[in-house]
Amino acid sequence: MTLFEKTTNAFKNKEFVTFEDIHHEDFMFVREFSMSSREEHLANIKEWLADDTDTWHLRVQCIHEDDHVLVMRSSKVDGDGSEVISNNVSIKKDGLYWRTIVNDE
């Protein structure tokens with residue numbers, strides 16, 4: 001199973017333990033002008049999973065995945081009716097998320 005498939009299945013099935021398992025112990029997350037440690041990022045995922053209205057797993061696309069990188073893209077409509085595109089680029093180490101950067105346009 002690919003990392004993309006593990007990620008979307010874990011989100012769909014609300015399997016937080018799987019999220020812990022697919023993040024390398026040295027994981028770092030970057031969003032625009034901030035960085036999060038593995039623990040901070042997983043805490044955010046835990047909150048995100050609690051939102052039963054989020055359909056991210058149905059909207060996300062795998063743009064590219066190989067042994068070294070995973071590129072995902074999703075979109076949603078914000079409160080003022082504008083489409084927001086989210087690009088997520090992850091570098092893998094040992095088959096796990098090692099570094100991830102996300103940019104919302």
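All values reported here derive from a predicted model rather than from experimental measurement. For the single chain, residues carry numbers from 1 onward in sequence order. FYI, side chains are in, hydrogens and waters are out, and symmetry mates aren't considered; it's all heavy atoms of this structure.
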Indicate yes or no: does [X] engage [Y] in a salt bridge with an N to O separation below 4.0 Å.
| X | Y | result |
| --- | --- | --- |
| Arg31 | Asp104 | yes |
| Lys76 | Asp54 | no |
| Asp52 | Lys14 | yes |
| Arg38 | Glu20 | no |

When you measure from the side chain of [X] to the backbone of [Y], do you find a donor-acceptor pair of N or O atoms at a distance under 3.5 Å?
| X | Y | answer |
| --- | --- | --- |
| Glu5 | Thr2 | yes |
| Thr55 | Leu58 | no |
| Asp94 | Leu96 | no |

Same cluster or not: are [X] and [Y] linked, directly or through other Ile, Leu, Val, Met, Phe, Trp or Tyr residues, by side-chain heavy atoms under 4.5 angstrom apart?
| X | Y | value |
| --- | --- | --- |
| Leu70 | Trp56 | yes |
| Leu3 | Ile101 | no |
| Val84 | Val30 | no |
| Met72 | Val89 | no |
| Leu49 | Phe29 | yes |

Value rounded to 0.5 Å, distance of [atom1] in [X] from [atom2] in [Y]:
| X | Y | atom1 | atom2 | answer |
| --- | --- | --- | --- | --- |
| Thr100 | Met35 | OG1 | CE | 12.5 Å |
| Trp48 | Phe19 | CH2 | CZ | 6.5 Å |
| Ile91 | Lys93 | CD1 | NZ | 11.0 Å |
| Ser37 | Met28 | OG | CE | 6.5 Å |
| Thr7 | Tyr97 | OG1 | OH | 2.5 Å |
| Lys6 | Glu15 | NZ | CD | 12.0 Å |

**Prompt:** Given Ile45 and Phe11, is the side-chain contact (heavy atoms from CB on, under 4.5 Å) satisfied, shown in steps?
**Reply:** CA-CA 9 Å; Ile45 287 177; Phe11 191 91; over 6 Å; no
Minimum heavy-atom distance [X]-[Y], with the two atoms named:
| X | Y | result |
| --- | --- | --- |
| Glu65 | Cys62 | CB-SG, 3.9 Å |
| Asn9 | Met1 | ND2-SD, 3.6 Å |
| His57 | Val60 | O-CG1, 4.0 Å |

**Asked** Taking C-beta and beyond as the side chain, do Ser82 and Val77 meet within less than 4.5 Å on heavy atoms?
**Response** no
**Message:** Is the distance between the ring centroids of Phe27 and His41 under 6.0 Å?
**Reply:** yes
**Request:** Please test Lys92 against Trp98 for side-chain contact (heavy atoms from CB on, under 4.5 Å), starting from the C-alpha separation and ending with a verdict.
**Result:** CA-CA 5 Å; Lys92 298 179 186 181; Trp98 180 66; 5.9 Å; no
**Asked** Side chains of Ser90 and Asn88: donor-acceptor distance under 3.5 Å anywhere?
**Response** yes
